[in-house]
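Taking it in order: structure first as structure tokens, then the write-up.
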2 protein chains.
Amino acid sequence: MEALFQHMERYIKLREEDKVLLSGALSLREVKKKEHLLEEGRLCPYNYFVSKGCCRLYYVNDKGIEHTVQFGIDGWWITDLMAYVGGQPSGYYLQAVETGAVVLWDRRTEDALLQQIPALERYFRLVLLRSAAAEQQRNRYLSDFSGEERYHHFNNSFPEFVQRVPQYMLASYLGFTPEFLSKIRARKA
Amino acid sequence: MEALFQHMERYIKLREEDKVLLSGALSLREVKKKEHLLEEGRLCPYNYFVSKGCCRLYYVNDKGIEHTVQFGIDGWWITDLMAYVGGQPSGYYLQAVETGAVVLWDRRTEDALLQQIPALERYFRLVLLRSAAAEQQRNRYLSDFSGEERYHHFNNSFPEFVQRVPQYMLASYLGFTPEFLSKIRARKA
DNA sequence: CAAAAAACTTAATCTATTCCAAGAAATGGT
DNA sequence: ACCATTTCTTGGAATAGATTAAGTTTTTTG
């Protein structure tokens with residue numbers, strides 16, 4: 001929970017009383033590796049702040065193939081936004097890649113909290129702005145680079161992260177098959 | 001400009017004095033078809049609200065090929081977010097697809113305006129939230145559907161829009177070549 | 001209204017990546 | 001330590017879509 005406060009204080013000032021309010025309204029949840037926080041078909045009234053560990057958001061297409069759409073490591077928010085905003089059943093799975101902890105931000109208490117701590121409007125605006133900017137850049141890589149280029153680029157940018165996550169998840173995040181990733185690595189060595 | 005006020009009032013309340021403030025701080029710019037609002041290498045201290053017409057954000061890769069990353073029709077915000085947030089030179093072009101008008105939101109007066117009209121924090125938060133949700137969905141289509149499926153799906157969802165924009169732009173938005181789009185259409189007929 | 005420019009089509013060849021299948025290596029639970 | 005499960009590798013056949021190049025149609029402009 002402290003991790004979230006620190007993250008918020010990068011963008012806004014929090015008074016002690018704000019922290020008390022937040023501590024009361026939010027809940028911390030510990031997750032074991034591979035545990036699901038959200039499954040397809042379920043409602044998703046939460047936005048998840050990854051306070052420790054690593055989660056991934058993925059969907060399963062009609063051929064049964066998993067596609068990882070986002071990794072969330074500590075300090076990132078992650079959720080199925082359509083289901084969060086619209087209140088419909090989700091089409092995604094949210095899974096802990098590593099044992100860790102997340103803070104649950106509940107849509108149903110959101111309005112009350114935002115009224116009590118108006119600075120949070122600004123916090124979430126800035127968080128969303130930065131994540132939208134990052135997404136725009138990721139999309140550029142996805143559309144402009146070949147699969148192999150994407151892998152090398154990602155591997156150079158986040159070498160430690162590549163070690164942390166199974167290859168098949170990485171492959172599905174980078175937009176190709178695990179077999180192909182295997183071949184890329186073989187080529188290099 | 002009125003279009004922007006209406007859009008804001010979908011999410012927040014604006015007092016008359018707020019509108020006066022906004023009218024003074026923002027500028028309206030008319031754009032001719034094909035005119036550029038932003039070119040690669042330039043700074044981009046603006047966020048653009050499309051009040052009438054249609055714009056597109058695209059980049060040109062090192063092979064000289066254009067990739068359309070976003071269309072903005074009336075009622076949407078559009079800009080190179082990295083350049084807007086970070087202040088570095090842009091890697092994108094923003095071009096009017098049709099003659100129309102945009103409202104310029106200037107990053108350099110943003111803080112002052114947000115302080116004078118705090119409700120705008122909420123407005124932009126909600127706009128960003130919805131556009132991030134839409135982006136998440138678009139990414140799913142891009143990664144899960146074949147080019148041909150993407151075309152049919154888009155064509156069914158936005159038949160009027162498909163008529164409004166040149167095919168090569170649509171192809172580059174859907175992630176394939178104009179030649180391939182031509183083939184898809186030939187197959188159907 | 002003609003000429004130039006822009007947009008679209010068609011066809012042949014080429015290539016990055018998928019798909020399938022089977023085996024090898026690593027990891028995890030008891 | 002051992003067995004089951006999960007993850008990774010390898011190779012060959014198949015394919016969606018790119019590339020190239022030339023020709024046709026449509027739109028824009030003087």
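Letters go in sequence order (proteins before strands), and every chain restarts at 1.
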What is the distance from [atom1] of [X] to [atom2] of [N], rounded to the nearest Å?
X: B:E179; N: C:dC8; atom1: CD; atom2: P; result: 11 Å
X: B:Q163; N: D:dT26; atom1: CD; atom2: P; result: 14 Å
X: B:I184; N: C:dC8; atom1: CD1; atom2: C1'; result: 14 Å
X: B:L181; N: C:dA11; atom1: CG; atom2: C1'; result: 17 Å
X: A:F180; N: C:dT17; atom1: CZ; atom2: C1'; result: 6 Å
X: B:Y168; N: D:dT26; atom1: OH; atom2: P; result: 18 Å
X: A:R187; N: C:dT15; atom1: CZ; atom2: P; result: 14 Å
X: B:E149; N: D:dA16; atom1: CD; atom2: P; result: 11 Å

**OP:** Find which nucleotide of DNA chain D each of B:G175 and A:M169 is nearest to by heavy atoms, and output the residue with the more 5' nucleotide.
**Re:**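 Its nucleotide being nearer the 5' end, the pick is A:M169.
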Would you mind checking if [Y] and [X] are paired as a salt bridge, meaning a charged N to carboxylate O distance below 4.0 Å?
X: A:K33; Y: A:E98; value: no
X: B:E148; Y: B:K183; value: no
X: A:R150; Y: A:D144; value: no
X: A:E110; Y: B:R125; value: yes

Original post:
Do B:R122 and B:Y11 meet the cation-pi criteria used here (NZ or CZ under 6.0 Å from the six-membered ring centre, within 45° of the axis)?
Top reply: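 Pair B:R122/B:Y11 does not count as cation-pi.
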Subject >> cation_pi(B:R108, B:Y46) dist<6.0 Å, angle<=45 >> reply: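 Pair B:R108/B:Y46 counts as cation-pi.
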Look at [X] and [N] and indicate whether a side-chain polar atom (N or O) is within less than 4.0 Å of OP1 or OP2.
X: B:K34; N: C:dA7; value: yes
X: B:T177; N: D:dA18; value: yes
X: A:K32; N: C:dG28; value: no
X: A:Q167; N: D:dT6; value: no
X: A:K33; N: C:dG28; value: yes

Need one value for [X]: base, sugar-phosphate or nothing, where a base atom within 4.0 Å counts as base even if backbone is also close, heavy atoms only.
X: B:S182; result: base
X: A:P166; result: sugar-phosphate
X: A:K63; result: nothing

Selected nucleotide, minimal atom distance to [X] side chain, candidates [options]:
X: B:K183; options: D:dT7, C:dA11, C:dT17; value: C:dA11
X: A:R185; options: D:dT9, D:dG11, C:dA7; value: D:dT9
X: B:S146; options: D:dG17, C:dT17, C:dC19; value: D:dG17

Review item, side-chain donor-acceptor pairs of residues 2-9 of chain B, under 3.5 Å, at least two apart:
unit_1	atom_1	unit_2	atom_2	d
B:H7	ND1	B:Y123	OH	2.6
B:H7	NE2	B:G75	O	3.3

Subject >> Axis bend over the full length of the helix from C:dC1-D:dG30 to C:dT30-D:dA1, computed from five pairs that close each end, to 10 degrees >> reply: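 It comes to 70° between the two terminal axes.
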Original post:
Would a 4.5 Å heavy-atom cut-off, applied to side chains only, mark A:E135 and B:N139 as touching?
Top reply: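 A:E135 reaches B:N139 side chain to side chain.
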